[in-house]
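Start at 1 and go down the list; that is how both ligands and their atoms are numbered.
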Amino acid sequence: MLSDQSRPVIAATLPVVGENLGEITQRFYTHLFEAHPELLDGVFNRGNQAGGRQQEALAGSIAAFAGHLLNKADELPDQLLARISHKHASLGVRPEQYGLVHEHLMWAIVDVLGAAVTADVAAAWDEVYWLMANVLINQERDLYRTAGLASTEVWREWTITRKTAETEGVVTLVLEPADGAAAAASLPGQYVSVRIPMQDGLLQPRQYSLSRADDGSTRQITVKRERPATGPQGEVSAALHDRFHLGDRVQVSAPFGEVVLRPSDRPLVLASAGVGITPHAGMLSHLARTGSQRSVTFLHVDRNPGPAILQRQIQEDLAGVPSARFVAWDSTSGAFRGGSHDRRPGRMNIDPIALPEGAEYFLCGPLPFMQGIRTSLLRRGVSPRDIHYEVFGPDLWIADDVAQAA
Ligand SMILES: NC(=O)C1=CN([C@@H]2O[C@H](COP(=O)(O)OP(=O)(O)OC[C@H]3O[C@@H](n4cnc5c(N)ncnc54)[C@H](OP(=O)(O)O)[C@@H]3O)[C@@H](O)[C@H]2O)C=CC1
């Protein structure tokens with residue numbers, strides 16, 4: 001993979017590059033957007049930029065990739081790369097954009113590290129960049145090819161045909177293609193990017209899991225109004241809640257995402273928290289629609305003492321999957337919400353839950369929640385190979401490593 005001349009140079013400079021990656025990526029983005037402000041119109045998520053999370057993500061992914069090249073020369077970090085390429089495909093990223101990123105990233109490395117960047121050092125980091133970029137370009141080309149789309153055809157206009165309030169701060173939107181053409185098939189667990197104009201006219205994209213099975217003509221997403229503790233409030237989720245109504249159009253990407261339910265007879269355990277229930281609701285909906293006989297254990301924790309997100313759909317789908325079981329935890333009041341399912345107070349505790357033999361596991365929710373559940377599962381002897389989890393947002397790469405180490 002990495003050439004013999006670059007390997008020692010990367011090994012020698014990774015610590016200093018790693019130490020300065022935060023500053024390098026910050027200067028990189030500033031320089032990139034000064035030269036190409038159009039990239040803030042529909043490609044980059046400026047909420048993540050403002051909160052510094054995009055910078056951390058890029059820094060983390062470069063460091064993780066370079067470290068991987070040094071430590072595991074014969075294999076690629078597949079999970080890391082697949083997550084990036086699926087997300088890029090959902091944004092219509094094009095090969096030539098890697099050239100732009102390269103130019104501005106190398107500029108930032110030299111800008112921050114100065115004379116330490118000798119010709120050899122620059123050449124070695126150039127090699128790391130293109131090793132990673134070329135894998136991503138190829139993977140993204142395959143994703144576009146499989147979807148039967150050019151990168152420029154990923155986005156289409158869709159019309160909001162239903163808008164339902166779920167719980168305080170969560171709405172479900174049903175969308176239909178504005179041109180009446182058929183929708184590309186989606187897999188259970190996949191997401192779409194949604195792109196809408198902000199008050200200043202710039203388009204902003206966000207990813208949302210599909211919360212109901214593919215029916216060939218509509219897409220359903222369920223959106224929580226984002227109120228992060230740091231950085232700006234979620235401007236796209238707020239706009240979808242407040243400014244977008246029935247009949248309005250939004251741009252929606254083709255479906256992507258690699259954490260999907262594959263055809264299988266194995267028992268399934270779904271564990272979600274909060275709005276992380278959305279991809280699992282989509283998976284359950286798919287199982288109900290296809291008359292699946294799989295054993296399903298659906299575990300969910302929420303801090304909303306009112307009706308749960310997508311409650312009616314989930315109850316109907318549970319009734320449609322003969323061996324499905326639902327257990328809910330209420331982390332706030334400790335009160336039981338009633339209803340026909342097993343309900344428990346406090347945060348999710350899977351230790352007393354019987355785990356079916358030979359199951360596969362899907363986790364979705366805040367990162368610490370997934371780390372905690374994953375650790376409990378590993379302690380009970382579940383193989384890491386059988387635990388799938390989606391991490392939305394740019395802390396993906398670092399999160400991935402942390403979760404792997406848990
Ligand atoms: N496809 C995907 O990858 C998707 C991912 N998501 C992700 O799901 C997350 C959901 O967020 P949101 O609805 O705001 O979650 P909340 O912050 O509202 O938390 C939801 C529940 O999770 C519990 N919880 C939080 N942290 C932990 C922890 N460390 N250990 C155990 N339980 C915990 C909370 O308990 P308590 O009240 O005690 O804090 C609460 O009951 C987001 O991070 C979002 O990015 C969402 C949709 C799709």
Should Met348 be listed as contacting ligand 1, given a heavy-atom distance under 4.0 Å as the test?
no

Output, in order, the C-alpha distance, side-chain angles, deciding distance and verdict of side-chain hydrogen bond (donor to acceptor under 3.5 Å, both in side chains) for Ser193 and Gln207.
CA-CA 4 Å; Ser193 289; Gln207 286 71 42; 2.8 Å; yes

What part of Gln371, side chain from CB on, backbone N/CA/C/O, both or neither, has a heavy atom under 4.0 Å from ligand 1?
neither

Tell me whether Arg27 forms a cation-pi arrangement with Phe33, defined as NZ or CZ under 6.0 Å from the six-membered ring centre and within 45 degrees of its axis.
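Cation-pi check for Arg27 and Phe33: fails.
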
Give a yes/no verdict on a cation-pi contact between Arg195 and Trp155, requiring under 6.0 Å between NZ or CZ and the six-membered ring centre and an angle within 45° of the axis.
yes

For Glu357, is there an ion pair with Arg266 - N to carboxylate O distance below 4.0 angstrom?
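Result for this pair is no, no salt bridge flagged.
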
Basic-acidic side-chain contact under 4.0 Å: Asp242, Arg225
yes

Which atoms from ligand 1 have a heavy atom of [X] less than 4.0 Å away?
X      : answer
Val301 : 21 (C), 22 (O), 41 (O)
Gly276 : 8 (O), 10 (C), 46 (C), 47 (C)
Ala273 : 10 (C), 20 (C), 21 (C), 22 (O)
Val275 : 10 (C), 13 (O), 46 (C), 47 (C)
Asp302 : 41 (O)
Thr278 : 47 (C), 48 (C)
Gly274 : 13 (O), 20 (C), 21 (C)

Would Arg347 count as a polar contact of ligand 1, with the cut-off being nitrogen or oxygen pairs under 3.5 Å?
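By distance alone, the answer is yes.
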
Going through the distances and angles, do Trp107 and Leu32 end up as a side chain to side chain contact (heavy atoms under 4.5 Å, CB included)?
CA-CA 10 Å; Trp107 172 87; Leu32 177 71; over 6 Å; no

For atom 15 (O) of ligand 1, which of the options Gly169, Gly257, Gly372, Pro366 provides the nearest non-hydrogen atom?
Pro366

Nearest heavy atom to atom 35 (O) of ligand 1 wins, so pick from Gly346, Ser209, Ser331.
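Comparing heavy atoms across Gly346, Ser209, Ser331, the nearest one to atom 35 (O) of ligand 1 lies in Ser331.
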
Counting neighbours of CG on Asp351 that are heavy atoms of other residues, nucleotides or ligands and sit closer than 6.0 Å, is the number greater than 12?
yes

So do His286 and Arg212 actually touch side chain to side chain, heavy atoms under 4.5 Å?
no

